[in-house]
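To start, the structure under review is shown below, and the notes come after it.
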Amino acid sequence: MTQLIPLPGCRLVRVARDGPTALTLVAEAKPDHARCPTCRAISTSVHSRYRRRPADLPASGKAIRLQLEVRRFYCCDPACPRRTFAERFPKLLARHAQRTRRLAGAQARTGLALGGQPAARLLAHLAMPSSATTLLRTIRGVPLPKAPRPCVVGVDDWALRKGRTYGTIVVDLERHRPLDLLPDRSAETWAAWLRCQPQIRLVARDRSTEYARGTTLGAPAAVQVADRWHLLLNTRQMIERWLARVHPRLKLLPPITAPAPSTRRTRAYPRAPAETLARAAAVGRWEELYDDVRRRRAAGQSLRLINRETGLARATVRKYAFAEGFPRHDGRGPGRSILDPHLDHLHARQAAGCENAMQLWRELRDRGFPGTVKQVRRWLSERRTRPARTTIWRLQTPSPMAQVAPPSPPLPSPKQLSWHLLREPDDLDADAAALVARVLQDDEAAKVVGLGRRFCRIVRSRCSAAPAKPGITTAFDAWLSDARACGVRVVESFAVSLAQDGAAVRAGLRLPWSSGQDEGQVNRLKLLKRSMYGRAKLDLLRRRFLLAA
């Protein structure tokens, strides 16, 4: 029995069944003496006895209930302040503990893997019951592993509460393991952490000014490396900001090729009159806000002041302040409809002269259409060549779909369009290539897109595992001079920001390091945080994250 359930320092006295699912083990200490914990004197004089009943790991699916016969001894040293002391079992359980060390370790590992409440539910089925509060307290007591002192680190931010509270994650890029979680993303906190690690010689980061300033303050001798993925992301964001300003102008450009005729839907079904009026009213309110932002900007107010006084988001204020006109949306494209599989039949029947919605619905119903006649009537109302017999004579007007030519295809949103514009022409499909060619008819668009693609080629040429090309920094410097003199404000501002962070950008183009490891560790951290329903405080989340790694 002692081989199945080892009891270090103890002798098994007897084993008894305690119901169908539990065993009771009675044990006592092996030696006939004990050592005083204060004066370390050995005593063999027994004062009294009592029992401890700590919880232990289960065996063969049965709960184990320990009963330890504990002796209390007299202390034989007259100078010792203790008169009596109880013998201890340091290898089996801690002082005053209600569970053995091995049970506490098993519960701690389960809590680290699952969290408090999920682990408590599981342990109840494994004959190791514990409350969620006890598990969290146990996790906080687990010592953190000692990691080697890092020399190359990556830093990035993560959201403790998205949009409100952010922290900083630090990753050892050489060993691919997280080092620490910091409570905020300020330069002072990051600099204080770096001062405790004077051996760090390289820091990979995004283009955050706070991390750049913190690295300069905390580790001035370390090389700062701008992450190449963030450089590509900043380029796309620059194109998106420019598109938000000129989007109304680009919508007027004609398509290069006429759209091919198709029986598929090219737009959503018409909205109800009440919804149309509500949408028009909402657009009117946004136009008033746009005019207000433009007036404040013309009066010399800063974007931050406009943001505070109007309550609009900073991105909206920036978009309205620099847009050439009110940024109208073309509306969403057509979504999926249960009528789509039967459009070919409807077009063929309409071409044959059938404009009876009830008749068309009966035919579709025989073909397996699960909808009602309302969908068919709504589709047919836009395509009638003559009014229906049930239409009131005052409303008998020719269908606009039968008289007006189909409009040119709308432009995607600035965010969607920026992805197409920065891709290489060989990577575009036919529709995307036609869309890009339509936009490049504008001279300013051709200039901005050319500079954006050129910078992306410079960055992507270093994204491979091969060594950096000898002239990559020279190409970057030439691009900087051309971008500064291009005459487009958004591109010039982007080039100025890159020049201010030029040393880190050049290091990112020359060196193989990046903050990709940070992004992967942030993804793991998000999974861990969401498994705790976002309720964990920073100390508990930090400990679980570092111990799980």
Side-chain angles (χ1 to χ4, degrees), residues 105-106 108-116 118-119 135-136 138-160 165-187 189-208 210-212 214-215 218-219 221-230 463 465 504 507-508 511-532 534 536-549:
R109 288 189 293 271
T110 308
L112 284 172
L114 301 179
L135 288 173
L136 296 182
T138 304
I139 293 173
R140 285 188 168 97
V142 177
L144 293 175
K146 293 184 178 180
R149 297 178 72 84
C151 295
V152 180
V153 300
V155 60
D156 202 354
D157 58 354
W158 60 280
L160 184 62
T165 308
Y166 286 85
T168 297
I169 182 173
V170 188
V171 178
D172 188 344
L173 298 183
E174 292 180 308
R175 299 173 180 85
H176 295 185
R177 61 181 299 172
L179 294 173
D180 207 348
L181 293 181
L182 305 182
D184 55 45
R185 53 180 178 180
S186 64
T189 302
W190 173 231
W193 190 91
L194 286 174
R195 292 189 188 100
C196 300
Q197 305 286 340
Q199 79 285 350
I200 289 179
R201 55 182 174 83
L202 186 142
V203 177
R205 57 170 177 82
D206 57 13
R207 297 192 57 244
S208 168
E210 286 293 301
Y211 290 142
T215 306
V223 177
Q224 300 187 39
V225 176
D227 182 60
R228 293 179 290 276
W229 181 86
H230 284 90
C463 290
L511 301 177
W513 302 104
S514 70
S515 60
Q517 267 292 315
D518 296 77
E519 302 296 337
Q521 297 293 346
V522 167
N523 194 31
R524 292 180 60 247
L525 181 60
K526 286 179 181 178
L527 178 63
L528 185 63
K529 181 172 70 74
R530 288 167 183 167
S531 69
M532 304 169 74
K537 292 184 179 180
L538 180 63
D539 64 328
L540 178 62
L541 184 62
R542 173 178 177 270
R543 187 169 293 272
R544 280 197 64 190
F545 181 60
L546 296 180
L547 288 172

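All values below were derived from every heavy atom in this structure, side-chain atoms included, with hydrogens, water molecules and symmetry-related copies excluded. Sequence positions, counted from 1, serve as the residue numbers for this chain.
Not a single side-chain hydrogen bond (donor to acceptor under 3.5 Å, both in side chains) links Gln517 to another residue, sequence neighbours left out. The salt bridge (charged side-chain N to carboxylate O under 4.0 Å, His left out) search around Arg140 returns Asp539, not counting sequence neighbours. For Asp172, the side-chain hydrogen bond (donor to acceptor under 3.5 Å, both in side chains) partners are Arg175, not counting sequence neighbours. Partners of Asp206 according to the salt bridge (charged side-chain N to carboxylate O under 4.0 Å, His left out) rule, which considers only residues two or more places apart in sequence or in another chain, do not exist here. Not counting sequence neighbours, the partners of Arg542 by the salt bridge (charged side-chain N to carboxylate O under 4.0 Å, His left out) test are Asp180. Taking the side-chain hydrogen bond (donor to acceptor under 3.5 Å, both in side chains) definition, one finds that Thr138 meets it with Arg99, sequence neighbours left out. For Pro143, there are no side chain to side chain contact (heavy atoms under 4.5 Å, CB included) partners at least two apart in sequence or on another chain. Partners of Arg544 according to the salt bridge (charged side-chain N to carboxylate O under 4.0 Å, His left out) rule, which considers only residues two or more places apart in sequence or in another chain, do not exist here. The side-chain hydrogen bond (donor to acceptor under 3.5 Å, both in side chains) test applied to Ser186 returns Asp184, Thr189, not counting sequence neighbours. Under the ring pair (Phe, Tyr, Trp, His ring centres under 6.0 Å) criterion, Trp158 pairs with no residue, sequence neighbours left out.
Here the shortest heavy-atom pairing between Arg228 and Ser514 reads NH2-CB, 4.0 Å. For the residue pair Val142 and Ala108, the shortest heavy atom distance occurs at CG2-CB, 4.0 Å. Taking all atoms of both residues into account, the shortest heavy-atom contact from Ala119 to Gly111 is CB-CA, 3.9 Å. Gly167 and Arg185 get closest at one heavy-atom pair: O-CB, 4.1 Å. Scanning all heavy atoms of the two residues, the minimum distance from Gly214 to Leu194 falls at O-CD1, 3.9 Å.
Counting only heavy atoms from C-beta outward, the side chains of Ser208 and Asp157 never approach each other to under 4.5 Å. Side-chain contact between Val155 and Ser515 is absent, with no heavy atoms from C-beta onward closer than 4.5 Å. Taking 4.5 Å as the limit, some side-chain heavy atom of Leu511 sits within range of a side-chain heavy atom of Leu202.
To the nearest 0.5 Å, atom CG of residue Leu546 and atom CG of residue Leu112 are 11.0 Å apart. Of the inter-residue distances, the one linking Asp518 atom CG with Leu173 atom CG reads 6.0 Å to the nearest 0.5 angstrom. Leu160 contributes atom CG, which lies 11.5 Å from atom NZ of Lys537 (distance to the nearest 0.5 angstrom). For the atom pair Arg149 CZ and Cys196 SG, the distance stands at 9.0 Å (nearest 0.5 Å). If you take CZ on Arg109 and CD1 on Ile139, they are separated by 12.5 Å, rounding to the nearest 0.5 Å.
A cation-pi arrangement, defined by a distance under 6.0 Å to the six-membered ring centre and an angle within 45 degrees of its axis, is absent between Arg205 and Tyr211.
Of the options Asp227, Val170, Ile169, a side chain to side chain contact (heavy atoms under 4.5 Å, CB included) to Asp156 is made by Ile169 and by none of the others.
The stretch residues 192-202 participates, sequence neighbours left out, in these salt bridge (Lys or Arg N to Asp or Glu O under 4.0 Å) pairs: Glu174-Arg201.
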What side-chain donor-acceptor pairs closer than 3.5 Å can you find for residues 523-532, not counting sequence neighbours?
from: Arg524; atom 1: NH1; to: Gln521; atom 2: OE1; distance (Å): 2.7
from: Ser531; atom 1: OG; to: Leu528; atom 2: O; distance (Å): 2.6

